[in-house]
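Notes follow once the structure below has been shown.
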Protein chains: 2
Amino acid sequence: MTTLVFGHKSPDTDSTGSAIVWAWYLDHMGTKAEARLLGTPNTEALFVADRWGFTLPEIMADVADGQDCVIVDTNNPAELPANINNANVTAIIDHHKLVGGLETKGPIDITIRPVACTATLMFQLMGGHGGHAPEGIKGLMLSCILSDTLEFRSPTTTPADKQIAEKLAADLGINIPDYAAEMFAAKSDVSRFSDAELLRMDSKEYNVGGTELRVSVLETTSPKIVLDRKASLMGSMPAVAKEDGADQVLLFVVDILREEATLLIPNDTVKQIAEKSFGVAVSGDTVVLPGVMSRKKQIMPVLKM
Amino acid sequence: MTTLVFGHKSPDTDSTGSAIVWAWYLDHMGTKAEARLLGTPNTEALFVADRWGFTLPEIMADVADGQDCVIVDTNNPAELPANINNANVTAIIDHHKLVGGLETKGPIDITIRPVACTATLMFQLMGGHGGHAPEGIKGLMLSCILSDTLEFRSPTTTPADKQIAEKLAADLGINIPDYAAEMFAAKSDVSRFSDAELLRMDSKEYNVGGTELRVSVLETTSPKIVLDRKASLMGSMPAVAKEDGADQVLLFVVDILREEATLLIPNDTVKQIAEKSFGVAVSGDTVVLPGVMSRKKQIMPVLKM
């Protein structure tokens with residue numbers, strides 16, 4: 001049976017790239033494997049796949065009972081196919097907090113490390129094999145790391161992320177600032193997406209004291225493109241929340257270059273969450289949060305009602 | 001803050017020994033750490049600790065909010081302190097299936113591998129450090145592996161378990177068959193325990209189609225000592241089940257030397273479970289299951305009602 005390798009729903013660069021990377025590695029080590037996607041990747045991931053010569057993996061709606069699979073870049077059943085607990089998960093490689101809910105039939109390989117990026121951990125797990133990977137695979141690993149660390153600006157960045165990215169860039173003859181700027185420009189090109197698509201593009205569900213929050217992040221080098229649409233985005237929030245079973249949508253527009261986030265304030269509940277969580281005074285329909293770039297490290301841990 | 005390292009409730013040799021081993025390793029690498037126990041260890045673990053010159057770690061009733069801790073040999077919240085999800089878990093090292101339910105506050109180090117023993121995985125994670133560990137630590141690692149693999153007889157045994165145990169034994173000048181026989185004799189010395197204590201000594205809760213089973217295993221080189229008490233053990237099952245919120249108690253007496261298990265049949269429900277799960281015809285109050293030695297590999301996966 002071919003092992004299917006996939007990341008989370010609403011695939012970003014790391015979930016798309018590291019699934020392709022690990023499928024290559026399994027194949028390289030003698031296990032037939034193919035990457036899959038759980039949805040259409042974001043514009044940065046599309047740019048990256050194209051840049052390094054990969055056609056996009058097939059999009060998969062669910063997994064069959066007993067299907068061999070490897071989960072990368074998540075351990076959250078809410079971000080995985082509905083039937084995941086009936087599949088045969090053979091390994092999990094991730095860098096997120098353990099959320100619980102995922103079960104395996106027997107003991108399997110699970111490696112979770114507090115690095116910024118799944119591809120960093122994969123490079124480590126490959127031992128020497130990462131160093132003689134084909135150019136395209138190295139390019140994907142580099143792209144995943146630059147994406148998840150926002151070119152080493154995010155506080156999630158560890159020395160391992162930076163060191164491995166720099167080694168890969170050197171092998172490939174890539175200038176990191178130039179290449180990262182290209183990637184971020186691709187990510188910022190969101191004009192063709194509807195408001196609802198933008199709100200769901202990079203979004204995680206999070207329960208705070210019984211309230212279900214959809215915590216959405218848009219990382220961009222052109223925040224103006226998104227903020228010019230703020231009235232329309234806020235107008236779409238109630239419908240998106242209702243459809244997704246959430247109570248509120250929090251949209252953080254992360255300015256990669258200025259290293260700050262702007263949170264949209266559609267109502268008094270979100271205003272209260274912003275003030276309590278970030279210790280700021282909110283007036284108007286947005287609030288700037290200097291230095292905030294990481295949902296994992298700077299948003300999720302402080303959110304309160 | 002001192003990091004506390006502990007395994008599961010009803011500690012066996014691996015949960016006791018590998019907690020001491022990892023606390024030593026953390027200390028050795030510059031993180032202040034101490035092992036703890038979540039109950040009185042079994043007789044084999046007591047023998048092993050004494051044999052290698054360790055005083056038993058302190059028994060702990062619960063963990064405080066925010067306490068730094070490392071969990072070894074389990075990832076099951078039911079086998080951990082009640083307050084575990086409010087502690088600061090910094091790492092999990094385990095070789096069991098992912099059961100779900102444990103949550104961490106942020107991304108942490110989690111390593112789960114399908115080897116027979118936590119100490120095997122620890123030896124691998126230590127890189128070169130395992131090789132220059134003090135004699136007592138090497139002795140614990142060897143003991144954990146011999147215990148969990150039943151001296152390499154259990155089908156959970158992997159080449160890594162065997163190879164590392166043999167390396168440790170050679171370093172220590174230990175004859176494996178002689179030493180394992182001493183360990184198993186210690187484990188078989190159960191005469192001083194009450195029926196209820198024996199039923200809970202090495203026991204895991206398992207839900208099969210809505211029925212809560214307490215699946216207990218006694219590994220022994222002297223099955224007669226236990227089986228001579230079968231009437232009394234079966235008489236104690238209803239009270240133990242009731243107290244623990246279980247519907248049935250399954251007691252498997254594993255004969256380490258003959259490589260078989262004897263399941264006690266206290267009633268028609270357990271008789272039916274035995275016949276459906278193991279494809280045997282049951283008459284009388286026990287049934288012998290040839291080759292069955294591992295709860296994880298040969299009992300849990302086949303149990304049905």
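Throughout, a chain's letter reflects where its sequence line sits, starting with A, and its residues are numbered from 1. Small disclaimer: the values here were computed from a predicted structure and weren't measured.
More than 12 heavy-atom neighbours from other residues, nucleotides or ligands sit within 6.0 angstrom of NZ on Lys304(A).
Comparing Glu103(B), His95(B), Lys105(B) by how many heavy-atom pairs each has under 4.5 Å with chain A, the most go to Glu103(B). Of the listed residues (Asp94(B), Asn75(B), Ile92(B), Ile108(B)), the one with the most heavy-atom contacts under 4.5 Å to chain A is Ile108(B).
Residues Leu98(B) and Ile110(A) have side chains in contact (heavy-atom distance under 4.5 Å, counting atoms from C-beta outward). A heavy-atom distance below 4.5 Å is found between the side chains of Thr111(A) and Arg113(B).
Only the side chain of Lys296(B) comes within contact range of chain A, with at least one heavy atom under 4.5 Å from a heavy atom of that chain. Both the backbone and the side chain of Leu102(B) come within less than 4.5 Å of a heavy atom in chain A.
Asn207(A) is linked by a side-chain hydrogen bond (donor to acceptor under 3.5 Å, both in side chains) to Glu212(A), counting only residues two or more places apart in sequence or in another chain.
Minimum interatomic distance between Pro114(A) and Pro107(B) (heavy atoms only, all atoms of both residues): CB-O, 3.4 Å.
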